[in-house]
S.K.: 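Before anything else, here's the structure in question.
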Amino acid sequence: MPRRTPLYSRHVALGARIVPFGGWEMPLQYAGIAAEHEAVRTAAGLFDVSHMGELELAGADAPAALQRVTANDAGRLEVGQAQYSALTTREGTVVDDLVIYRLAPDHFLLVVNAANVETDLRWIRDSLAAGGEGKPSDAIVIDTSARYALLALQGPRAEAILQPLTGVELRAVPTFGFATGEVANARATIARTGYTGEDGFELLVAPAAADAVWTSVLGAGEEDGLVPAGLGARDTLRLEAGMRLHGQDMDRTTTLLEAGLGWLVNWEKGPFIGREALAAERDAGPRRRLVGFEMIDRGIARHGCGVYAGDGDGADDAIGCVTSGTLTPHLKKAIGMAYVPAPLAKRDTELLIDVRGTRLRARVVRMPFYRRPR
């Protein structure tokens, strides 16, 4: 039986097209993906992402445990700061990517992908049970997803829309910082984070408060051009911004370095799961890399399309695979990501991509495809 967020009836009332997604019934679009995408780039969009999972890790050994299971340096986080990171296997591949919030010195909130909640919980618990060097760990991790609804207000007008609804001084909340306070008279954690490439906020509230907060934010933003936005626009926005999607652009078969996420590996913090494998790969160089591409020929390469060398020799064997692809509503170009052998990852390298039986030309380009004006 698919699950529904506390805002399901709101989505239906707004005329959303509801689709199954990771065991949930979620809004794909309201007025249309292109219109919602463009609203986020030029004004603001409000997303219901309450299907995301929340885990809490606490205890005297929680900081050390988090360092052991994630690739980034969680030790650098102060209370009130958030960090993008990843859970890695011993092979350096990606169990999941996540955002870590330091709520207190020994208390962390982990926002993880909806489909991976149970996997992540088990992975961290098993790591805690190992106890680092054979000692039991004084840290526990629990699934607290049922305690939270998560709304994402994204776009250049986000701060102006949200400020009248909260006593928190939003200008004082830095990127990847968060504060606690009230939004529309509901207790909320207000984080300057997002998944669209725009400025904006993610609001963690109690499920019982989600409807009132959603309604208040939409009403406050009406004159600023705020619209409800679905998962369709969320996907095209994140792709335009060069953000990876776990399960498509990275998973347990791809390492962080292959996925182009070496920047979040902290080599100086000490041991963590997967460090040795990643260090060896760093020294030797990844065999393949995730690249961004633009189509040269007319056509849209989607997830699963085969990639071939673009030297025109007619080779039959695919050298890689498209992981994400779309016609971007804002840039109005066909773009995507694909894994290719490392020697073909250089900028301007031409590739051939099989789109419904026809090999179309594409060019490797630098990511992100879109960077918001500062």
Side-chain angles (χ1 to χ4, degrees), residues 4-5 7-8 10-22 24-52 97 99 111 113-115 149-159 161-162 191-203 210 213-215 217-218 220-222 224-249 292 300-303 323-337 367-373:
R4 295 175 175 176
T5 78
L7 295 166
Y8 177 82
R10 285 286 171 189
H11 304 319
V12 173
L14 287 166
R17 178 185 170 194
I18 304 291
V19 297
F21 183 82
W24 294 76
E25 290 183 308
M26 296 296 295
L28 177 69
Q29 58 178 321
Y30 303 83
I33 292 174
E36 293 159 25
H37 180 117
E38 196 60 13
V40 174
R41 288 279 179 256
T42 59
L46 184 62
F47 301 84
D48 174 17
V49 285
S50 300
H51 63 303
M52 299 289 285
D97 64 335
V99 176
V111 176
N113 285 290
L150 181 57
L151 281 60
L153 174 62
Q154 300 282 293
R157 297 295 298 163
E159 183 180 304
I161 292 168
L162 188 61
R192 200 159 206 145
T193 53
Y195 190 54
T196 63
E198 294 297 335
D199 186 23
F201 301 90
E202 293 182 307
L203 311 174
V213 173
W214 171 272
T215 303
V217 173
L218 269 187
E222 188 173 357
D224 285 285
L226 173 65
V227 301
L231 294 186
R234 188 172 171 83
D235 190 55
T236 55
L237 287 159
R238 70 89 192 166
L239 176 54
E240 215 173 51
M243 297 176 176
R244 283 66 165 165
L245 175 63
H246 189 269
Q248 275 191 203
D249 306 310
I300 303 171
R302 304 287 188 184
H303 172 76
T323 56
S324 292
T326 191
L327 177 64
T328 158
H330 185 70
L331 299 177
K332 303 190 186 312
K333 295 189 287 190
I335 61 172
M337 298 181 191
M367 289 196 287
F369 304 98
Y370 165 85
R371 195 184 297 276
R372 71 182 168 91

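Nothing fancy with the numbering, it's 1 onward along the sequence.
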S.K.: Got a second to check how far Leu237's CG is from Glu198's CD, nearest 0.5 Å?
M.R.: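 It is 7.5 Å, given to the nearest 0.5 Å.
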S.K.: State, to 0.1 Å, how close Tyr30 and Gly230 come at their nearest heavy-atom pair, and which atoms those are.
M.R.: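 Nearest heavy atoms, Tyr30 then Gly230: CE1-N, 3.6 Å.
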S.K.: On a heavy-atom basis, which atom in Asp224 and which in Ala43 lie closest, and how many Å separate them?
M.R.: O-CB, 3.3 Å
S.K.: For the pair Leu218 and Leu14, evaluate side-chain contact (heavy atoms from CB on, under 4.5 Å) and give the outcome as yes or no after the intermediate values.
M.R.: CA-CA 12 Å; Leu218 269 187; Leu14 287 166; 4.3 Å; yes
S.K.: Taking all non-hydrogen atoms of both residues into account, name the closest pair between Pro368 and Gly242 and its distance.
M.R.: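 Heavy-atom minimum between the residues: CB-N, 4.1 Å.
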S.K.: Surrounding CZ of Arg372 (heavy atoms of other residues, nucleotides or ligands, distance under 6.0 Å), is the total greater than 12?
M.R.: yes
S.K.: Under a 4.5 Å cut-off applied to non-hydrogen side-chain atoms, are Arg244 and Met367 in contact?
M.R.: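 A side-chain contact exists here, since the closest heavy-atom pair is under 4.5 Å.
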S.K.: Is the closest side-chain heavy-atom distance between Leu327 and Lys333 below 4.5 Å?
M.R.: no
S.K.: Between Ala44 and Ala158, which heavy-atom pair has the shortest distance, and what is it?
M.R.: CB-N, 4.4 Å
S.K.: How long is the gap from CD1 on Ile161 to CG on Leu226, to the nearest 0.5 Å?
M.R.: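 The distance works out to 4.5 Å.
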S.K.: Just so I know, are the side chains of Thr326 and Asp235 near enough to count as touching, which here means a heavy-atom distance under 4.5 Å?
M.R.: no
S.K.: Would you mind reporting whether Tyr195 and Leu245 have side-chain heavy atoms less than 4.5 Å apart?
M.R.: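 A side-chain contact exists here, since the closest heavy-atom pair is under 4.5 Å.
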S.K.: Could you give me the CA-CA distance, side-chain angles and deciding distance for Leu162 and Leu203, then say whether side-chain contact (heavy atoms from CB on, under 4.5 Å) is met?
M.R.: CA-CA 10 Å; Leu162 188 61; Leu203 311 174; 4.0 Å; yes
S.K.: Quick one: pull up CG in Leu331 and CZ in Phe369 and give me the separation to the nearest 0.5 Å.
M.R.: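 Between atom CG of Leu331 and atom CZ of Phe369 there are 9.0 Å.
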S.K.: At their closest point, which heavy atom of Met26 faces which heavy atom of Asp48, and how far apart are they?
M.R.: CE-O, 3.4 Å
S.K.: Is the shortest heavy-atom distance from the side chain of Glu36 to the side chain of Phe47 under 4.5 Å?
M.R.: no
S.K.: Would you say that His11 contacts Thr5 through its side chain, given a criterion of any heavy-atom pair below 4.5 Å between the two side chains?
M.R.: yes
S.K.: Please work out which of the three classes, parallel, tilted or perpendicular, describes the rings of His37 and His330, given edges at 30° and 60°.
M.R.: parallel
S.K.: Measure the spacing between CZ of Arg41 and OH of Tyr370 and express it to the nearest 0.5 Å.
M.R.: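 Answer rounded to 0.5 Å: 5.0 Å.
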S.K.: Roughly how far apart are Glu202 CD and Leu151 CG, rounded to 0.5 Å?
M.R.: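 If we round to the nearest 0.5 Å, Glu202:CD and Leu151:CG are 10.0 Å apart.
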S.K.: Evaluate the side-chain contact (heavy atoms from CB on, under 4.5 Å) criterion for residues Gln248 and Leu239: first the C-alpha distance (whole Å), next the side-chain angles of each, then the deciding distance (0.1 Å), finally the verdict.
M.R.: CA-CA 11 Å; Gln248 275 191 203; Leu239 176 54; over 6 Å; no
S.K.: Of the options Arg4, Gln29, Glu25, which is the one that meets Ile18 in a side chain to side chain contact (heavy atoms under 4.5 Å, CB included)?
M.R.: Glu25
S.K.: Distance from Gln154 atom CD to Arg234 atom CZ, nearest 0.5 Å?
M.R.: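 The distance works out to 7.0 Å.
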S.K.: Examine distances only and state if a side-chain atom of His303 and a backbone atom of Ser324 form a donor-acceptor pair shorter than 3.5 Å.
M.R.: no
S.K.: Are the side chains of Ser50 and Trp24 in contact, using a 4.5 Å heavy-atom criterion?
M.R.: no
